[in-house]
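Below, chains carry the letters A, B, ... as their sequence lines are ordered, and counting in each starts from 1.
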Amino acid sequence: MIARILHEGQYELPATALANLRKLDDELMERLTAGDGQGFTERRDALLALVRSEGRMLPDEVLRESDLVLPPADITLEEARALFTQHA
Amino acid sequence: MGLMSRMSTIFKSKVSAALDAAEDPRQTLDYSYERQMEMLQQVKRSLADAVTARKQIELQKVRLQGDIDKYQSEAEAALNAGREDLARQALERKAALVAQSGGLDGQIAELKAQEDKMEENARRLDTKIASFRAQKEVIKAQYTTAQAQVKMGEASTGLSEELADVGLSVQRAQDKTERMRARAQAIDELTDKGVLDDALAAPGDDPVDRELSRTKQAAQVEDDLQALKAKLGAGEQK
């Protein structure tokens with residue numbers, strides 16, 4: 001499974017990491033909905049840290065499609081909220 | 001829906017929109033080359049903007065320091081003349097400027113980080129493009145037409161993802177630079193008028209932060225005043 005952290009790069013992850021990613025992603029959404037800025041930042045950092053620790057960064061010359069796209073490391077609660085109001 | 005899947009959907013729709021623009025797979029390379037050039041231009045522009053904004057803010061910091069020194073001397077002169085009320089006023093203005101000046105250091109560091117990021121973007125994009133070109137040649141030589149189309153599709157998607165990612169990064173960097181510039185300009189205008197106050201609280205500051213910084217400034221004014229009095233007292237005793 002390939003996961004891209006925006007503005008950072010792509011990581012190859014074992015499929016087994018997905019369950020933990022989803023769990024953290026759910027918590028992140030809860031914090032986003034609650035408007036809890038600090039909780040959001042903590043879950044965001046934890047989610048990206050998991051990708052970095054479980055994954056192996058792909059070299060720059062590799063060109064592959066991502067299965068998952070994660071927000072950039074410095075995304076704010078306001079920016080994340082705006083993602084749900086804009087059209088895809 | 002989670003943030004991860006929302007981000008994936010939005011991002012992938014940007015990538016496929018970019019890919020659809022090159023309908024004939026044989027045009028993909030030419031098209032990518034054009035987009036790469038455009039993107040590199042944007043990265044460079046964004047880098048230049050960040051450098052300009054940083055220099056502007058650095059200059060502003062120098063000017064603020066000049067004003068800080070000026071208010072300090074004014075306070076001293078006022079106290080010498082026995083006008084504690086005026087001295088306090090000057091020290092209040094000084095404290096507000098000191099707080100602003102501290103905020104500028106953070107902005108300068110943020111812009112510097114942005115400059116590094118843009119340089120990194122340009123470098124990574126270059127590597128991806130070179131790799132895409134090389135792969136295209138290998139694919140043409142080793143695969144049948146049908147296989148080659150699949151392989152080219154994969155490489156194109158990979159490259160388009162990178163272009164879309166850099167595009168977003170540039171856009172966010174520019175928005176951020178623009179906000180800092182606007183803020184720097186507002187500080188300049190308000191310091192000229194001598195009405196710098198918490199109208200310029202940093203974005204994201206909540207009322208508690210503002211109250212805390214106000215309390216801190218008030219304490220600083222008292223400390224400064226006591227220090228000046230002590231200095232004056234020491235002078236008189238000689």
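- Within the 4.5 Å cutoff, side-chain heavy atoms of A:F40 are placed close to those of B:L3.
- Taking all atoms of both residues into account, the shortest heavy-atom contact from A:V62 to B:K128 is O-NZ, 2.7 Å.
- Proximity to chain B (any heavy atom under 4.5 Å) is restricted, for A:P72, to the side chain, taken from C-beta onward.
- The line from CD of B:E162 to CG of A:L63 is 8.0 Å long, rounded to the nearest 0.5 Å.
- With a 4.5 Å cut-off on side-chain heavy atoms, A:E65 and B:K12 count as touching.
- Contact between A:E8 and B:D165 at its shortest, heavy atoms only, is N-OD2, 4.4 Å.
- Surrounding NZ of B:K14 are at most 12 heavy atoms belonging to other residues, nucleotides or ligands under 6.0 Å away.
- A:D60 touches chain B through backbone and side chain together, each having a heavy atom under 4.5 Å away.
- For the options A:L47, A:L68, A:I75, A:T76, heavy-atom pairs under 4.5 Å to chain B are most numerous at A:L68.
- Within the model, atoms CD1 of B:I10 and CG of A:L83 stand 4.5 Å from one another, a figure rounded to the nearest 0.5 Å.
- For the atom pair CG of B:D175 and CD of A:E79, the computed distance is 8.5 Å after rounding to the nearest 0.5 Å.
- With a 4.5 Å cut-off on non-hydrogen atoms, A:I5 touches chain B through its backbone but not through its side chain.
- The greatest number of non-hydrogen atom pairs below 4.5 Å with chain B, out of A:M29, A:R44, A:R22, is found for A:M29.
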Given the rule in the side chain to side chain contact (heavy atoms under 4.5 Å, CB included) test, do A:L24 and B:M4 qualify, once you have shown the distances and angles that lead to the verdict? CA-CA 10 Å; A:L24 277 170; B:M4 229 166 33; over 6 Å; no
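- Remark: B:K117 does not engage A:D74 in a salt bridge, criterion side-chain N to carboxylate O under 4.0 Å.
- Neither the backbone nor the side chain of B:E120 comes within contact range of chain A; no heavy atoms are under 4.5 Å apart.
- Comparing A:L32, A:L77, A:V69, A:L28 by how many heavy-atom pairs each has under 4.5 Å with chain B, the most go to A:V69.
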Test A:Q10 against B:E161 for side chain to side chain contact (heavy atoms under 4.5 Å, CB included), laying out the working first. CA-CA 10 Å; A:Q10 289 172 298; B:E161 268 198 33; 3.6 Å; yes
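- Proximity to chain A (any heavy atom under 4.5 Å) is restricted, for B:K176, to the side chain, taken from C-beta onward.
- Counted within 6.0 Å of CD on A:Q38, heavy atoms from surrounding residues, nucleotides or ligands total 12 or fewer; the atom is thus considered open.
- Side-chain contact between B:R172 and A:H7: present, with at least one pair of heavy atoms (C-beta onward) separated by less than 4.5 Å.
- Atoms CG and OG, on A:D67 and B:S8 in that order, are 9.0 Å from each other to the nearest 0.5 Å.
- B:F11 does not carry A:R4 over the face of its six-membered ring by the limits of under 6.0 Å from the centre and within 45° of the normal.
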